[in-house]
Student: 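Take this structure, written in C-alpha cells, and hold onto it; I'll ask about it next.
Just follow the structure's listing: the first ligand is 1, and inside any ligand the first atom is 1. We're numbering straight along the sequence, starting at 1.
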Amino acid sequence: MTEAQAKKEIQDITEKVNHHNDLYYQKSSPEISDFEFDQLLQKLIALEEHYPQFRQPDSPTQRVGGTITKAFETVYHRYPMLSLGNTYSREELEDFNGRVAKGLDGNPYEYFCELKFDGVSISLIYENGILVRGVTRGDGIRGDDITANIKTIRNIPLSVKGKDIPASIEVRGEVFMPRTVFNQLNKEREDIGEERYANARNTTSGTLKMQDSAEVARRKLDCYAYYLLGEDISTETHEESIHKLESWGFHVSPTYKKCKNIEEVHHYIEHWETRRQELPLETDGVVIKVNNLDQQDQLGFTAKSPRWAIAYKYKAQSTSTRLNGITYQVGRTGAVTPVAELEPVFLAGTTVKRASLHNANEIARLDLRIGDYVFVEKGGEIIPKVTGVDLEKRKEETVPVHYIEQCPECNTSLIREEGEAAHYCPNATGCPPQITGRIEHFIQRKAMDIDSLGEKTIEQLYNLGLVKSPADLYDLKKEDLLKLEGFKEKSIANLLEGIEHSKKIPFESVLFAIGIRYVGKTVAEKIARHFKHIDALSQASLEELLAAPEVGDKIAQSVFSFFRKADNVHEIERLKKAGLIFKSEAKEIEKESEVLANKSFVISGVFQRYEREELQEIILKNGGRVLSSVSGKLDYLLAGDNMGPSKREKAEKLGVKIISEQDFEKLRNGQTL
Ligand code: IVH
C-alpha cells in the first residue's frame, strides 16, 4: 500500500465507522452487525498503527481506550468552574426572582429551567472543532486533565462539525453513570462476592479517575451538556446555546423548558418532583437560569456563583420511624448483612419496613439502639437508607447494638477478615442460606440456565433433604419430585428437562456457575479460554493463574484455594460424572505461520493495542510458546505498562530480552530485532 492509498483508506474507514457509530448510538438503527463493525474498527486501528501520521485527530479508535495515564496533569480552567447558590423553598426562590428583577432594572426577562444532574461536572475544550481536552472541576480554578478517559464516552463528540464553529469553545456538562449501568455493575459485583458500590455519583467519579481508559470505556458512562462558553459564540440566549449543542451532536437532556415567569418555574419544579425518579440518572434538583445572555452579563457573578442562576434542591424524601430490631441475612458467600426492621411507614409512594445497614461499621457510625426513632431517606436510589437517629426521642435505658458473634442461621462463630467491612460465616457446607444461595447462583440464566427451578422449589428440595449441593440436582428422580408441593407430571417433566438441558451449557458458564469467589461471568470466560480444561485450571500454580488474562492476586488466590478444598474437588468430580461440560469447545487454533517457531514468551503488564489473550493467540498461531514465569530458557519478556518490577529484575539478571509491543509486531512480521 502506498502512503497515499493508506491515507485515503484511513479517511474512508474513519468515515464509515463514524457513520455506523451514529446509526448505533444516536439513531438506534444499526445497519451492520457488531462483528462487522468490530472488523472495520480493528482494520482502522491497524492502519493507524502503521501510519500514525494519517490518524485523524477525532479518530473513533479513541473510543475503545487503551491509554494508561499514571498521573493526571493539573491544568487551569480558562473560565473558573463556579458552583450554584442553593434554594430549598418557594419563598427563597421568590427572593431570587426579586433580586433578578431588581438587577435587570425592571426590564422583562425569561427563565430557562433544567434538571440538576447528580454526576460529575466536566469541562470540554474544542479547538477548531476538535476535542482537545477534558478536565474535572477540581477546586474550580484547576482540575485534572482526564482527556483519554473522556474520549471513551460515546455521547461526547470527538469533533463538532458545521459552518459556524468558533475556533475555540468550551462545553460544560455532567458525566454520569445511567441507573441501568450502575445496577448491572453492582449485580456483577454481588455475583462474585464483592461489595456493592454505594451510589452512581461516586462510582462515576472513581471511574473517571481510572488509569486504564479501556476499563473506563467498558463502564458505559454518559454525559449531558448544559453550558456553552467561548469568545465568538453568536447566540443571544441560553436556549439557543442549548439548541446549538444539540445540533453539534452533544447529548442534551430533553427535560429542559423555557419559563416565562417564576410561576412557570414553580410548575416545572412540581412537574419533575416525582417524575424525575423515572429518568435514566439521578437528579437532586432544578437549575434555573436567566435565558438572555446579555442579561446574564448584566447580573454577573458573586465570588462563588452566578447571580443569573440558582439551584432549587428537592428535599430528600425522608421521614422518621421506630427501629424495632435488627435482623441479619446470610448470603451465598457467607457474607452477613444487617437489616433494620422498621415500624412500617409510608414514604414517597411505598411503605418502608426494612432498610439495609450494610455492616457493623455502619451500625457503629450511626450509634443505633433498638427502640430509637431513626431518619429514613429515599434519595435518588430506590432502596431506602437509614441516615441518622432522632436523639431527642431516645429513651434513657437504651444500649448500643451489640453486633452478633454467631451466624443467625447455623450458630457458627463469625469471622471478619482484615481490611474487610463484612462479617462472614465460615460454615460454607453446613449453613442453609449459603447452600440454597449457591444453588440459586448455579441455576441462574447466566450460569446453568435451569429456568424450571425457582427459589421456592430450591428451598423445598433442600428442606426435604433431596438437594444439598448443585451436583445433587443431577441425581433427582421423578419419585423424588412427586414429594414437592404442587408438582405434577407436567411440571416434573419440565424440571427434569431443564436439568438435562443444562448438560449442554458451555464450559465458561459452568465455571461461573460453580461459584468461585471473585470469578464473575467475564473472568470465567477469560480463564475458561485460557486454561481450556478444568483439570488444567485446578492444577494451575498461583503463578500460572496470574499469567491468565484479567487475573490479579485476589482472583488467583481465590481460585487456587477453591481447588484445594476436598469438598469442592468432590463436587466437581460429581458434576463431571453427571455429564457437564468441563472443557472449552473452542476450535483448535488455526496456524498462520511459523515465524515465531521455537520462540518462548512471557507476557506481562497492560498493552495499548492488544488484550493479553490476543497476544497469546497470535504467538500460538505463529508457532511460538507462552510461558508463565521468567527463567534462563525464556527468549522474550513482552512488557506492557504497569509490569511488576520483580519480573523485569529477574529478566535483566538472567539476560532475557525485554521487548515492547512494537518490537513484538516486528517479530511477527518476520523482522529481526
Ligand atoms: S449550570 C455557572 N446546569 O451543579 C454554573 N449545572 O452547583 C453553571 N449541575 O458544578 C452550572 N446539573 O456540576 C448547570 N443543568 C445544570 C446542572 C448543573 C448539574 C451541577 C454542576 C455544577 C453544580 C453547581
Student: If the cut-off is 4.0 Å to any non-hydrogen atom of P306, which atoms of ligand 1 fall inside it?
Tutor: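 So the answer, numbered in order with elements, is 2 (C).
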Student: Charged N to carboxylate O under 4.0 angstrom, E240 versus K244?
Tutor: no
Student: Write out the residue and atom name of the closest protein heavy atom to atom 23 (C) of ligand 1, then the distance separating them to 0.1 Å.
Tutor: K116 NZ, 4.1 Å
Student: One residue to check: M81. Relative to ligand 1, which of side chain, backbone, both or neither has a non-hydrogen atom less than 4.0 Å away?
Tutor: neither
Student: Classify the angle between the aromatic ring planes of Y126 and F250 as parallel (below 30°), tilted (30 to 60°) or perpendicular (above 60°).
Tutor: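 Correct class here is perpendicular.
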Student: Can we say R201 and D284 salt-bridge, meaning some charged N sits less than 4.0 Å from an Asp/Glu carboxylate O?
Tutor: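 Salt bridge: no.
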Student: Heavy-atom pairs closer than 4.0 Å: do any link ligand 1 to the side chain of V287, the backbone, both, or neither?
Tutor: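 Just the side chain.
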Student: If the plane angle is over 60° it's perpendicular, under 30° parallel, otherwise tilted; pick one for F117 and Y224.
Tutor: tilted
Student: Taking only heavy atoms of E114, which atoms of ligand 1 are found under 4.0 Å from at least one of them?
Tutor: 3 (N), 15 (N), 16 (C)
Student: Judging by distance only, is a nitrogen or oxygen of L84 under 3.5 angstrom from one on ligand 1?
Tutor: yes
Student: Could you list which atoms of ligand 1 come closer than 4.0 Å to a heavy atom of L115?
Tutor: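 In order of number, 12 (N), 15 (N), 16 (C).
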Student: What are the two closest heavy atoms between R219 and V181, and how far apart are they?
Tutor: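 Minimum heavy-atom separation between R219 and V181: O-CG1, 3.2 Å.
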Student: Salt bridge or not for R354 and E341, using N-O below 4.0 Å?
Tutor: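 Yes, charged N to carboxylate O under 4.0 Å.
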Student: Out of Y226, Y227, F117, whose heavy atom is nearest to atom 22 (C) of ligand 1?
Tutor: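 Comparing heavy atoms across Y226, Y227, F117, the nearest one to atom 22 (C) of ligand 1 lies in Y226.
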Student: Would you mind checking if R55 and E48 are paired as a salt bridge, meaning a charged N to carboxylate O distance below 4.0 Å?
Tutor: yes
Student: Looking only at protein heavy atoms, identify the closest one to atom 10 (O) of ligand 1 and say how far it is in Å.
Tutor: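 Minimum-distance protein heavy atom for atom 10 (O) of ligand 1 reads S121 OG, 3.6 Å.
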Student: What residue and atom, counting heavy atoms only, is the protein's closest point to atom 1 (S) of ligand 1, and at what distance?
Tutor: K289 NZ, 3.4 Å
Student: Taking 4.0 angstrom as the limit, do K257 and E110 come out as a salt bridge?
Tutor: no
Student: Check whether any N or O atom of E174, backbone or side chain, sits under 3.5 Å from an N or O atom of ligand 1, and answer yes or no.
Tutor: yes
